[in-house]
Amino acid sequence: MDFFKEVYRLAKQISRGKVATYGQIAGLISTPRAARLVGFALRRSPNDVPWQRVINSKGMISIENLHCPKELQAKLLKNEGVEVFKRDGNYFVNLKAYQWQPK
DNA sequence: CGAATGACCAAGC
DNA sequence: GGCTTGGCCATTC
């Protein structure tokens, strides 16, 4: 089963200017408990996947290390028109206003 | 092939 | 009400 593939496909369906949560994506693939795998998948995502539109359930950007600084994600989201707040070195998004609603 | 991994989450102190 | 704990399950090594 290409779980990752499903993750990528759904990620691509997220509207510009919207964001989704890991748990939300997992639920759409009918494996709600595999939220961690969504993160796992997005870490190894191809270049054509809008991984920056996927954040954790609290609206916080949880990236910290590696070659994907959370600043980059925040910047990308801002470019798409998503309002990003910075608080104590972490970036947050108002989920109520910007969460993506699947069809 | 068995064991570790992980950009999570909900429940429990 | 903030912090810790344990479970989760496909991928990776």
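Treat the numbers as computed from the prediction; the structure is a model and nothing was measured. Per chain, numbering begins at 1; letters A, B, ... match sequence-line order.
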When you measure from the side chain of [X], which nucleotide among [options] comes out closest?
X	options	result
L42(A)	dC9(B), dC9(C), dA7(B)	dA7(B)
F4(A)	dA10(C), dC8(B), dT11(C)	dT11(C)
N56(A)	dG6(B), dT11(C), dC8(B)	dC8(B)
W51(A)	dT11(C), dA7(B), dC9(C)	dA7(B)

Within a reach of under 6.0 Å around CD of Q13(A), are more than 12 heavy atoms found that belong to other residues, nucleotides or ligands?
yes
Report the distance from atom [atom1] of [X] to atom [atom2] of [N], rounded to the nearest whole Å.
X	N	atom1	atom2	value
Y91(A)	dA7(B)	OH	C1'	16 Å
Y22(A)	dC8(B)	OH	P	6 Å
F40(A)	dC9(B)	CZ	P	16 Å
K5(A)	dT11(C)	NZ	C1'	16 Å
M60(A)	dC8(B)	CE	P	8 Å
R43(A)	dC13(C)	CZ	P	9 Å
R33(A)	dG6(B)	CZ	P	23 Å
L95(A)	dC9(B)	CG	C1'	14 Å

Can you tell me how far the CG atom of D88(A) sits from the CZ atom of F92(A), to the nearest 0.5 Å?
7.5 Å
If you measure from NZ on K5(A) to CD1 on I29(A), what distance do you get to the nearest 0.5 Å?
13.0 Å
Report the residue from V7(A), N56(A), L10(A) that forms a side-chain contact (heavy atoms from CB on, under 4.5 Å) with V38(A).
V7(A)
For dC9(B), does OP1 or OP2 lie under 4.0 Å from any side-chain N or O of S57(A)?
yes
Phosphate-side-chain proximity, T21(A) and dC8(B), N/O vs OP1/OP2 below 4.0 Å
no
Are E83(A) and K78(A) close enough for a salt bridge, meaning some N to O gap below 4.0 Å?
no
I'd like to know if R36(A) reaches the base of dG7(C) with its side chain, counting only an N/O donor and acceptor under 3.5 Å.
yes
